[in-house]
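In each ligand, atom 1 is the first atom listed, and ligand 1 is the first ligand listed.
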Amino acid sequence: MSQLLAGKTAIILGVANKWSIAYAIAESYRREGARLILTYQGERQKATVEELGQELGASLVLNCDVTKDEELAALVEALKGERLDAIVHSIAFANRDDLSRPFLETSKDGYALALEVSSYSLVSVSRALSPLMTEGGAIMTLTYLGSERVIPNYNVMGVAKAALEACVRYLASELGPKGIRVNAISAGPIKTASARGISGFSKILDGVAAVSPLRKNTETAEVGDTAAFLGSHLGRGVTGNVIYVDAGFKVMGLPTPE
Ligand code: NAD
Ligand code: IMJ
């Protein structure tokens with residue numbers, strides 16, 4: 001069968017381990033014939049992500065903490081001469097305390113940190129890397145329903161995701177004339193490292209599986225395949241949007257277990 005992403009090169013930011021959504025996206029991209037470039041967040045992750053990159057047949061595995069301008073500049077330098085066709089941004093962070101205390105208690109520093117890592121980084125990464133998309137391309141990021149509805153404890157991350165989705169629309173408007181599409185994938189809850197330790201997460205998973213139209217939880221592979229669609233010729237008419245890969249959970253007005 002023909003591959004959706006043959007001849008394309010994708011850079012994927014946000015693989016931490018094999019449970020990462022970004023890892024499943026890399027697997028889908030690889031299956032569809034893309035050349036892969038992965039980045040990791042600092043020395044602590046280097047060995048793990050290099051090993052995962054090897055399993056995935058990645059061409060390059062590079063360092064980039066998105067909060068460090070010099071590391072983003074070094075990434076651009078390391079990619080000199082490359083053409084990029086897809087950029088996958090799968091990065092978020094907030095202080096753990098801000099995901100359990102009342103939202104009212106969010107400090108100025110905690111707010112700024114969450115927005116810097118989880119929203120602004122899409123802008124800085126797009127500015128740095130979109131010039132390498134010389135034949136057009138697709139930029140995509142990961143978001144969550146907590147951007148538009150109140151989800152207990154999501155707190156400042158909900159604000160960051162609301163900003164992220166607004167960034168998607170403004171970036172789509174500015175980069176569209178260059179043939180670059182920008183979208184977000186809103187995934188249902190998935191037990192990754194970013195979900196571990198969130199109190200009541202297993203209950204949330206069970207609740208979603210009980211009431212969502214597809215009566216299941218979201219699998220990372222489903223997110224990976226939607227990302228592949230967006231990165232491919234098949235996604236050419238879609239930009240500035242949020243695509244829900246959530247077993248349909250969002251459409252339910254009165255989620256009722258049977
Ligand atoms: P994950 O912990 O595997 O991935 C988060 C990634 O962000 C890690 O690779 C981490 O290294 C990276 N990161 C954090 N700060 C960074 C920095 N300063 N520089 C570079 N990288 C940095 O968890 P995940 O669930 O795969 O999360 C990926 C994305 O998916 C996030 O944006 C998250 O908000 C979103 N998302 C997750 C879920 C879920 O339930 N797991 C649902 C919807 C959306
Ligand atoms: C996170 C917190 C509270 C509720 C949550 C989540 N629900 C879901 C998540 C219901 C699905 C996971 N999610 C969508 C995220 O975006 C997580 C982001 C995140 C997680 C952590 C945990 C560890 C830490 N900082 C974090 N920063 C961001 O120290």
Side-chain angles (χ1 to χ4, degrees), residues 11-27 38-46 48-49 52 61-69 71-72 75 88-101 103 110 113-122 124-125 140-165 167-168 184-208 217-224 226-227 242-247 249-250:
I11 185 167
I12 300 180
L13 299 87
V15 175
N17 52 54
K18 65 176 187 239
W19 297 280
S20 293
I21 293 173
Y23 183 81
I25 294 174
E27 284 186 306
L38 305 183
T39 69
Y40 56 87
Q41 177 196 4
E43 286 302 308
R44 207 170 36 83
Q45 286 187 352
K46 183 174 190 209
T48 313
V49 181
L52 295 175
V61 179
L62 302 165
N63 179 50
C64 186
D65 181 324
V66 294
T67 63
K68 299 184 173 151
D69 289 347
E71 293 193 5
L72 206 46
L75 177 66
V88 177
H89 173 281
S90 185
I91 288 172
F93 189 78
N95 285 328
R96 183 172 278 286
D97 284 355
D98 288 333
L99 303 175
S100 56
R101 276 187 309 206
F103 176 66
L113 175 69
L115 273 280
E116 179 187 12
V117 177
S118 316
S119 314
Y120 179 72
S121 66
L122 180 70
S124 54
V125 165
M140 65 210 74
T141 186
L142 273 296
T143 188
Y144 179 59
L145 186 62
S147 64
E148 49 187 318
R149 310 266 176 81
V150 173
I151 306 283
N153 295 324
Y154 203 55
N155 297 1
V156 73
M157 272 308 306
V159 178
K161 292 301 194 189
L164 179 72
E165 291 171 22
C167 290
V168 163
I185 298 172
S186 188
I190 300 172
K191 206 160 203 162
T192 64
S194 285
R196 222 162 292 146
I198 303 300
S199 75
F201 200 80
S202 295
K203 271 205 178 126
I204 292 171
L205 287 175
D206 292 347
V208 168
N217 284 122
T218 299
E219 295 166 26
T220 55
E222 298 166 350
V223 180
T226 295
V242 180
I243 297 187
Y244 292 81
V245 181
D246 68 344
F249 181 79
K250 177 189 126 109

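Geometrically, ligand 1 and Lys161 share a nitrogen or oxygen pair separated by less than 3.5 Å. Any N or O atom pair closer than 3.5 Å counts here, and Ile21 shares at least one such pair with ligand 1. Of the polar atoms of Tyr144, none of the N or O atoms is found under 3.5 Å from an N or O of ligand 1, judged by distance alone. Taking only nitrogen or oxygen atoms, main chain and side chain alike, Ala187 does not reach within less than 3.5 Å of ligand 1. No N or O atom of Ala193 sits closer than 3.5 Å to an N or O atom of ligand 1. Looking at ligand 1, you won't find any N or O of Trp19 less than 3.5 Å from one of its N or O atoms. Ligand 1 has no nitrogen or oxygen under 3.5 angstrom from a nitrogen or oxygen of Thr143. Every N/O-N/O distance between Ala22 and ligand 1 stays at or above 3.5 Å.
Considering Thr141, Ile11, Ile12, Val66 in turn, Thr141 is the only one that fulfils the side-chain contact (heavy atoms from CB on, under 4.5 Å) rule with His89.
Looking only at protein heavy atoms, the nearest one to atom 1 (P) of ligand 1 is Ser194 OG, 3.5 Å. Ranking protein heavy atoms by distance to atom 41 (N) of ligand 1, first place goes to Ile190 O, 3.0 Å. In terms of protein heavy atoms, atom 18 (N) of ligand 1 is closest to Asp65 OD1, 2.9 Å. Annotation: atom 13 (N) of ligand 1 to nearest protein heavy atom, Gln41 OE1, 3.4 Å. Scanning all protein heavy atoms for the shortest distance to atom 7 (O) of ligand 1 gives Ile91 CA, 3.5 Å. The single protein non-hydrogen atom nearest to atom 25 (O) of ligand 1 is Thr192 OG1, 2.6 Å, given as residue, atom name and distance. Remark: minimum distance from atom 30 (O) of ligand 1 to any protein heavy atom is reached at Leu142 CB, 3.3 Å. From the protein, the heavy atom lying nearest to atom 29 (C) of ligand 1 is Ser90 OG, 3.4 Å.
At a 4.0 Å heavy-atom cut-off, ligand 1 touches Val117 through the side chain alone. Looking at Leu13 against ligand 1, nothing comes within 4.0 Å, counting heavy atoms.
Distance check: Leu38 CG to Ile25 CD1 gives 11.5 Å after rounding to the nearest 0.5 Å. Here the CG-OG distance, from Leu142 to Ser186, works out to 9.0 Å after rounding to the nearest 0.5 Å.
Ligand 1 lies within reach of Gln45, whose nearest heavy atom is under 4.0 Å from it. Heavy atoms of Gly42 stay at 4.0 angstrom or farther from ligand 1. Assignment of Ser121 to the shell around ligand 1 is not supported, since no heavy atom sits closer than 4.0 Å.
In summary, the atoms of ligand 1 found under 4.0 Å from a heavy atom of Val15, numbered by their order in the structure, are 9 (O). Near Gly188, meaning under 4.0 Å from one of its heavy atoms, ligand 1 places the atoms 40 (O), 42 (C). Within the listing of ligand 1, atoms 19 (N), 20 (C) sit less than 4.0 angstrom from a heavy atom of Cys64. Interface of Pro189 with ligand 1, defined as ligand atoms under 4.0 Å from a residue heavy atom, comprises 40 (O). Of all the atoms in ligand 1, the ones that sit under 4.0 Å from a non-hydrogen atom of Ala16 are 8 (C), 9 (O).
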If you look at each N/O of ligand 2, which protein N/O atoms lie under 3.5 Å away, and at what distance?
{"from": "ligand 2", "atom 1": "16 (O)", "to": "Tyr154", "atom 2": "OH", "distance (Å)": "2.7"}
{"from": "ligand 2", "atom 1": "25 (N)", "to": "Ala94", "atom 2": "O", "distance (Å)": "2.8"}
{"from": "ligand 2", "atom 1": "27 (N)", "to": "Ala94", "atom 2": "N", "distance (Å)": "2.9"}
{"from": "ligand 2", "atom 1": "27 (N)", "to": "Ala94", "atom 2": "O", "distance (Å)": "3.3"}

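The salt bridge (charged side-chain N to carboxylate O under 4.0 Å, His left out) search around Lys191 returns none, not counting sequence neighbours. Considering only residues two or more places apart in sequence or on other chains, Glu71 meets the salt bridge (charged side-chain N to carboxylate O under 4.0 Å, His left out) condition with none of them. Residues that satisfy the side chain to side chain contact (heavy atoms under 4.5 Å, CB included) test with Tyr23, not counting sequence neighbours, are Val15, Lys18, Ser20, Glu27, Leu52, Glu55, Leu56.
Heavy-atom contacts from other residues, nucleotides or ligands closer than 6.0 Å to CZ of Arg44 number 12 or fewer.
Judged purely by atom type and a 3.5 angstrom limit, Asp246 has no side-chain atom pairing as donor or acceptor with the backbone of Ala187.
Taking all atoms of both residues into account, the shortest heavy-atom contact from Leu99 to Asn153 is O-CB, 3.1 Å.
Annotation: cation-pi pair Lys161/Tyr144 absent, no NZ/CZ under 6.0 Å from the ring centroid and within 45° of its normal.
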